[in-house]
Every structure is written in C-alpha cells, then in structure tokens.
K.L.:
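Quick one: this structure, given as structure tokens, is what I'll be asking you about.
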2 protein chains.
Amino acid sequence: MVRAGLDKEIVVRAAISIADSEGLASLSIAKLAAVLGVKAPSLYNHILSLDMVKDDLTRQGMLLLLDITRDAMAGVEARKALEALGHAQRNFARDHPGLWAGAQMPVAGWSKATQKVANVYIGLVLAVLRGYGITDDAAIHSARVIRASLKGFIDLELGGGFGYPEDVDVSFDTLLKNLDSGLRMRKKI
Amino acid sequence: MVRAGLDKEIVVRAAISIADSEGLASLSIAKLAAVLGVKAPSLYNHILSLDMVKDDLTRQGMLLLLDITRDAMAGVEARKALEALGHAQRNFARDHPGLWAGAQMPVAGWSKATQKVANVYIGLVLAVLRGYGITDDAAIHSARVIRASLKGFIDLELGGGFGYPEDVDVSFDTLLKNLDSGLRMRKKI
DNA sequence: TTCTCTTGACTAACGGTACTAGTTTGAAGA
DNA sequence: TCTTCAAACTAGTACCGTTAGTCAAGAGAA
C-alpha cells in the first residue's frame, strides 16, 4: 500500500494524456487508475466522478486554446486575425484531439465554470469581427457563422470525413477565404 | 414465452424511434428490449450487435436525408439549390436528431454499405456547385466548405452551443448568404 | 392429426463499466 | 512517541453488451 502521491491535478493531467493519445471515448476510470498505478476506487479520494474529470479536462483545454489563439491573434486585424484564429484552432485540435473533443461536447453537460470559459472564446471571435467593422447583432450572427464553419471543418477532418485525395490544407484556405469575403461583403452593406 | 414476431427491421425501427426521442447516446440493448417487450439476449436472434444496429440506423437516416434533400433541390439551381440543401439538412436534423447524430459519427466506424451511401451525399453537394459553374478540384474544396459549415452550424444548434438570444434562423441565413457570396466570387476568378 | 425441425424466446453467466461502503495503513504533526 | 487524517485497499452494487445453453412455439411433412 505504497502511497502514489496523487492529487486532482495529476489525475486530470493523466486524463488529458489518455484522451489526446487514445481518444476521449476511451478515457475510463479503469485506464486512469492503471496509468497512475492505483486501483480504480482509490481515484475517488481525489475526484468526484469521471464526468467531473472530463469537465476539468474540457475547461483546461479551452484555457489552453484561448491562450494559443490570443497569442496567434496578437497584433493582427481582420483577415489576418481570422486566419490566425482558424489556424490556431485547427492546429490545437490536431495536437490535442482529446481536449478538442471535450470542448465539442453538448454545453448542457458542462459546469458553470466551464461555460464561463467558453464565453471568453466568443469574445475572441467578436474581436476578429470588430476588425471587419462588424458589431452588435450582426456580430453575433457572423460569430456563429465563423464558429460553426471552423468547428464543422475540424470535426470532419478529425473524424476522417474527407475521403477524396485533394489537399485538405487547400480546402481550409478556401474556407477562410470564403469567410473573409463574406465578412467584407457584410461590412460594405 | 409468446413469440414477439420481431425481425431486424422492427428492431432498427425501434432503435430509430428511441434515438430520435431520447438521443442516440441513450440507445441501449436494454432499452430496445424493453420497448419491444422482450429480454435483452433475445434481440441477438435478429441483430449482430448494438453497433450494427447503429450502422443500420445511420444508413437509413442517410437515405432519408438524401431523399428529402433531393426533393428540396429539384428544379432549382445555384443559390436556390444551396438554400434548399441547407434548409433540408437543418430541418432533417431537428426532426430526427438521433438519425442526424448517427450520420455524424466518425467514418471509420461505418460499414462499407453505409460509407457508400455517404458518398452519394457528396454528389448532391457537387450538383449544387455545378450550378455555380464550379467543377473538378475546386468543387471538392468548395464541397468540403459547404459540408463543414452546415454540419458545424447544425451540431452547434442541436448541442445548445448558441447561448445568445439572437434569432438562430437569422444566423443560418447569414451562413447561407456567406456561402453563396463565396461561391459566386470563386466562379468569377 | 401427429411428428420433426427450425426459430425465437428464455435463464444464467462473463467481463466490462462507474461508483460506494467500510477497512486498514502510511505518514505528518503534536 | 502518539494521535489523527488522508489515501490506499477489498468487497460489493448496479448497470452495460454479449454468449452459451435450454426449451417451447409453430410451421411443414408424413
């Protein structure tokens, strides 16, 4: 009965590692316990439930994504900012598929704390739109379009939804160009 | 031990009903058996596994979506066709959230038969693009953009991802307008 | 009508999941 | 050194999908 010296952070870190390498779906209490060298019930001295671990994982993933995106967007505007946002998200999803998958779960299952972090992300999208001169109601609608397009593309790419051999990078550039031209149109009207 | 008169079709039909009313995630052998008035193991006289039921459900969902979309797109071109495609998908997802969720699962988990049906869907998107004068490689890239945008929007809407009170219908129209203007741009170049 | 054979139900069980209760022990602080 | 709390443990609950083996319903043949 040697003590493993665990705490919630270590457990969540292990969960992130498992989710990113084997997929969020195969994250389980049993696997977590095995990785940490402990029997499954012992984990409950540090965590409330597997769902809570996933919530923590999601929130940490969002915070990391926010940092990365903010850095990428620093000092650029409009189209450059949109591209920075898009590439930052796509790269994040490829580097951390488990964290990305966590952030794509239905909002209803998140804790208040995690929902709060999610709202900060919207702020970043709205910042991009200010660069296009789009504010207020129109910004909300355009923000939804940007979020939806990026999320849909990344989910499809990660899920193996692009079967044809054409270069997916070119497709992503097409997506960003489309969004840019749509937003510039919107500004003119 | 009265015989229930089951067959695979009846089981899949019940699965669709459960998935659409309670969500794909809560579709289980136990629930399926309860609904059909039979003990769980009895189902295995008619099905191979729960995964195979989900695959059938997905394929049937896709076929239904294809029918609905084809009908909506009949006799219209370019922007009208794009709008028909978009609204048909969004309405389908709202009417059949379980079938929609099935069709969004990672491609790797599908049978060959189901993947084949999925490919037919791409044909519909390419038909829309022909109306814009976009063919070949460019069409593949634009088709990915359309699929990604629609999928992302619908997934976000169904998952409760749009927190602000602004009218989601307006946002969807914005998405379609964006796509349309992007595609018309692309045609000119 | 009776017999046979197939089909579709059943019960019991296996290994997996998350989780809880109760027990023991390591290790830190008094 | 003793006490106390935290963190591990074992054992067990209640689910999940799935398999093996059993038995009877019901259809077709004699």
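Each chain gets a letter, A, B and so on, in the order its sequence line appears, and its residues count up from 1.
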K.L.:
Using whole Å, report how far CG of A/L6 lies from C1' of D/dA7.
P.N.:
9 Å
K.L.:
Counting just side-chain N and O atoms, does A/S42 come under 4.0 Å of either OP1 or OP2 of D/dC9?
P.N.:
yes
K.L.:
Between D/dA8 atom P and A/L32 atom CG, what is the distance in whole Å?
P.N.:
13 Å
K.L.:
So, A/D56 side chain and A/V12 main chain: donor-acceptor pair closer than 3.5 Å or not?
P.N.:
no
K.L.:
The side chain of B/A30 is closest to which nucleotide in this list: D/dA8, D/dC16, C/dT17?
P.N.:
D/dC16
K.L.:
Measure from the side chain of A/S28, starting at C-beta and using heavy atoms only, and say which of C/dT17, C/dC10, C/dC19 lies closest.
P.N.:
C/dT17
K.L.:
Is there a donor-acceptor pair closer than 3.5 Å between any side-chain N or O of B/R147 and the backbone N or O of A/G161?
P.N.:
yes
K.L.:
Does A/E157 come within less than 4.0 Å of B/R144, counting only side-chain N to carboxylate O?
P.N.:
no
K.L.:
Between P on C/dT20 and NE2 on A/H46, what's the gap in Å once rounded to a whole number?
P.N.:
15 Å
K.L.:
Expressed as a whole number of angstroms, how long is the span from A/D51:CG to C/dT17:P?
P.N.:
16 Å
K.L.:
Using a distance-only criterion (donor-acceptor N/O pair, under 3.5 Å, no hydrogens), is the base of D/dA8 paired with the side chain of A/N45?
P.N.:
yes
K.L.:
Separation of A/I29 atom CD1 from C/dT17 atom P, in whole Å?
P.N.:
10 Å
K.L.:
Salt bridge or not for A/D173 and A/K177, using N-O below 4.0 Å?
P.N.:
no
K.L.:
Could you state the CG-P distance from B/L36 to C/dA9, rounded to the nearest angstrom?
P.N.:
10 Å
K.L.:
Would you mind telling me which of C/dA12, D/dT10, D/dC16 lies closest to the side-chain atoms of B/P41?
P.N.:
C/dA12
K.L.:
Expressed as a whole number of angstroms, how long is the span from B/Y44:OH to D/dA20:C1'?
P.N.:
14 Å
K.L.:
Expressed as a whole number of angstroms, how long is the span from B/I47:CD1 to C/dA9:P?
P.N.:
12 Å
